[in-house]
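Working notes, beginning with the structure itself.
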Amino acid sequence: MKRILLNFSILLGLVVVSCDNPDLSQEQNAQNDNSLMQRQSSMFSYIESTQINNGVDCENNILIFPTWEKYWETIEVLDQMIENDCDSFDATVPNNITDDEYDALADAAGFDEDNVLRKFEEDLAFCSLRRKIESLENDWLDQQGDGQWDINADPDNHFIDDETERTLLSQNAEVIIGSKERGYVYYKFIDDEGNWIEVHNNDSQAISQVSQGIIPTNNPNVVVVKPRYEETGSSACKDRVTNKGYIYGPNNTRVKQIDKLRRETGIGDSKIKAKTKGYKKKNGKWRARRTWITAGINAQINSNPGDCFIKCGQDIDVLKHKEKRRRRVKVKHSIPQYVGIDPERRWLTIKNNSVYALHKQGQVLIVNHDFYDNQQ
């Protein structure tokens, strides 16, 4: 079960590197003025949007969730809503049509695989990180030719790599957790290492500074959190992996692989994920376009069973496979940080040749790479 971390006093197993007064209780937060102008979601009654001074000029520039459990739960629900919406449209499409024919039918029906996410944003009058990255990515793709692409320059390679999670975050990767009764805590994710910054007691000046990348010193309301990880118990295991790259195909096609393994952080579970994103060049412009693509967490062909290992010990089956006509497909497997009342933290690890990431576009581009070292 996920542990909710709304104040430093319960940040067990975490290291705070900037905090003069760690005793920032929910009661202390609740004594402050918590009157935020809020707009409630009609899709999720527990989500609200509001505006803070974070440099983003739109009607509502940050969302409020009551708990971290609800934050992660919303991602899962939205993912399922997207799948249901896409499957419903696909059921109306004839078999064996081309990608261009599929696009024409989708345009005529007003279908897009991001419709659910856009509806969510519009419902809350919210300018999300997803929307910002989508715009920047299209501008970047406009400049790309047929040669090698620079993976480090691609705006889509933000450390928040999941489009659904991007939909819940501000353009600065921020969110608020709490309620009027218990008080609010502002969070800003800052890097791919799982670090974040908290601001307590509705310190609007500190929030404004943090949102701009300035960390106030000697401010007891500001807490910088870096998860402190236990050892896996064996150098043969890895518990943090990132593999990204482009695979170039014929006829103006290519795909991007994004493979990740992440430790639990205290506010998020351990997770392994593979995502495939498909690109096609049309009318002289590259775009992420709908095409038959596959993402899989699997075993090497005719070899091992496709297992991860909990803390480099107990093996766990993580096999997943998805093939769709989409701009992107993803598969993931996570385990809870804690089970029942067991206080021992749990996380996924991989060994060499234990689990592979599959990325395909049609039957032409096929890559099956070892998660451990990104080798076939």
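Since we're looking at a predicted model, the values are computed, not measured. Start at 1 with the first residue, then count along the sequence. Reckoned from all heavy atoms, side chains included, excluding hydrogens, waters and symmetry mates.
- Inter-residue side-chain proximity for N61 and I52 is flagged as met; some heavy-atom pair is nearer than 4.5 Å.
- Looking only at atom types and distance, the side chain of H321 has no donor-acceptor partner in the side chain of E323 under 3.5 Å away.
- Looking only at side-chain heavy atoms (C-beta outward), L365 and Y248 stay at 4.5 Å or farther from each other.
- Under 4.0 Å is where a charged nitrogen must lie from a carboxylate oxygen, and between D90 and K324 no such pair does.
- Hydrophobic side-chain contacts under 4.5 Å tie V364 to no other Ile, Leu, Val, Met, Phe, Trp or Tyr residue.
- Listed by chain and residue number, E83 satisfy the salt bridge (Lys or Arg N to Asp or Glu O under 4.0 Å) test with K322 (two or more places apart in sequence, or in another chain).
- Between K311 and D239 there is no salt bridge, since no side-chain N of the basic residue sits under 4.0 Å from a carboxylate O of the acidic one.
- The existence of a salt bridge linking E59 and R39 is confirmed by a sub-4.0 Å separation between a basic side-chain nitrogen and an acidic carboxylate oxygen.
- In terms of heavy-atom proximity, V329 sits nearest to T294 at CG2-C, 3.8 Å.
- Between Q361 and T276 there is no side-chain heavy-atom pair separated by less than 4.5 Å.
- Here the SG-NZ distance, from C312 to K351, works out to 5.0 Å after rounding to the nearest 0.5 Å.
- Between the D191 side chain and the E193 main chain, a donor and an acceptor come within less than 3.5 Å of each other.
- Using a distance-only test at 3.5 Å, with no hydrogens or angles considered, a donor-acceptor pair links the side chain of R254 to the main chain of D146.
- Residues E174 and N54 bring a donor and an acceptor atom of their side chains to less than 3.5 Å of each other.
- One finds a salt bridge joining R287 and D142 here, because a Lys/Arg side-chain nitrogen approaches an Asp/Glu carboxylate oxygen to under 4.0 Å.
- For K244, there are no salt bridge (Lys or Arg N to Asp or Glu O under 4.0 Å) partners two or more places apart in sequence or in a different chain.
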- [ ] Could you please spell out the steps behind the side-chain contact (heavy atoms from CB on, under 4.5 Å) verdict for I366 and I247?
- [x] CA-CA 9 Å; I366 303 175; I247 303 109; over 6 Å; no
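- The nearest pair of heavy atoms linking D192 to K260 is OD1-NZ, 2.8 Å.
- Not counting sequence neighbours, the partners of R290 by the salt bridge (Lys or Arg N to Asp or Glu O under 4.0 Å) test are D103, D112.
- Of all non-hydrogen atoms in K238 and L261, the two that sit nearest each other are O-CD2, 3.4 Å.
- The side-chain hydrogen bond (donor to acceptor under 3.5 Å, both in side chains) test with K280 is passed by exactly one of N252, T291, D99, T253: D99.
- Taking 4.5 Å as the limit, every side-chain heavy atom of C127 sits out of range of all side-chain heavy atoms of N60.
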- [ ] Could you go through the side-chain contact (heavy atoms from CB on, under 4.5 Å) check for V241 and Y372 one step at a time?
- [x] CA-CA 7 Å; V241 173; Y372 187 88; over 6 Å; no
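- I297 is not listed as a side-chain neighbour of Y356, based on a closest heavy-atom distance of 4.5 Å or more.
- Residues Q212 and S208 have side chains that bring a donor and an acceptor to within less than 3.5 angstrom of each other.
- A donor and an acceptor atom, one from each side chain of N374 and H369, are located under 3.5 Å apart.
- Grouped by direct or indirect side-chain proximity (heavy atoms under 4.5 Å, Ile/Leu/Val/Met/Phe/Trp/Tyr only), L105 sits with F89, V93, I97, Y102, F111.
- Side-chain N or O atoms of E264 include none that pairs as donor or acceptor with a backbone N or O of R345 at under 3.5 Å.
- A pairwise comparison of heavy atoms in P216 and Q209 identifies CG-OE1, 3.0 Å as the closest pair.
- A donor-acceptor pair under 3.5 Å is absent between the side-chain atoms of D85 and the main chain of Q80, judged by distance alone.
- Donor-acceptor pairing under 3.5 Å is recorded for the side chains of D123 and S42.
- Looking only at side-chain heavy atoms (C-beta outward), K275 and I293 stay at 4.5 Å or farther from each other.
- A274 and G296 get closest at one heavy-atom pair: CB-O, 3.7 Å.
- Put simply, the side chain of R182 gets close to the backbone of P66: a donor and an acceptor are under 3.5 Å apart.
- Checked for salt-bridge contact, K70 and E73 meet the test: a charged N lies under 4.0 Å from a carboxylate O.
- Without hydrogens or angle criteria, E165 side chain to D161 main chain gives no donor-acceptor distance under 3.5 Å.
- Of the possible donor and acceptor atoms, one in the side chain of D370 sits under 3.5 Å from a partner among the backbone N and O of N353.
- Between L348 and C308, the closest heavy-atom pair is CD2-CB, 3.9 Å.
- Ring-centre distance between W68 and Y187: below the 6.0 Å cut-off.
- Residues H359 and N368 bring no donor and acceptor atom of their side chains to less than 3.5 Å of each other.
- Distance check, rounded to the nearest 0.5 Å: CH2 of W347 to CZ of F309 gives 15.5 Å.
- In summary, the aromatic rings of Y246 and W149 are positioned with their centroids under 6.0 Å apart.
- Side-chain polar atoms of D150 and Q148 form no donor-acceptor pair below 3.5 angstrom.
- Using a 4.5 Å heavy-atom cutoff, the side chains of H333 and K320 are in contact.
- Between the side chains of D203 and N219, a donor-acceptor pair is found at a separation under 3.5 Å.
- Annotation: the span from T50 atom OG1 to I176 atom CD1 amounts to 6.5 Å, rounded to 0.5 Å.
- When T164, D114, L168, D162 are each tested for a side-chain contact (heavy atoms from CB on, under 4.5 Å) with R130, only one passes: D114.
- The line from CG of L124 to CD of E122 is 10.5 Å long, rounded to the nearest 0.5 Å.
- Every residue two or more places apart in sequence or in another chain that forms a salt bridge (Lys or Arg N to Asp or Glu O under 4.0 Å) with E113 is listed here: R327.
- The pair R328-D156 does not meet the salt-bridge criterion, since no charged nitrogen lies less than 4.0 angstrom from a carboxylate oxygen.
- Using a distance-only test at 3.5 Å, with no hydrogens or angles considered, a donor-acceptor pair links the side chain of T167 to the main chain of E163.
- Judged purely by distance below 3.5 Å, without hydrogens or angles, the side chains of N157 and N152 never pair a donor atom with an acceptor atom.
- Here the CZ-OG distance, from F126 to S170, works out to 6.0 Å after rounding to the nearest 0.5 Å.
- A donor-acceptor contact closer than 3.5 angstrom links the side chains of R262 and T242.
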Open item on the list: Applying side-chain contact (heavy atoms from CB on, under 4.5 Å) to S49 and Q38, what does each step give before you reach the verdict?
Closed with: CA-CA 5 Å; S49 60; Q38 298 167 0; over 6 Å; no
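- Using a 4.5 Å cut-off on side-chain heavy atoms (C-beta onward), W196 and P227 make contact.
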- [ ] Before giving the answer on side-chain contact (heavy atoms from CB on, under 4.5 Å), spell out for F189 and L169 the whole-Å C-alpha distance, their side-chain angles and the decisive distance to 0.1 Å.
- [x] CA-CA 9 Å; F189 295 109; L169 294 172; 3.9 Å; yes
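- Between the CG atom in D315 and the CD1 atom in I310 there is a gap of 8.5 Å [rounded to 0.5 Å].
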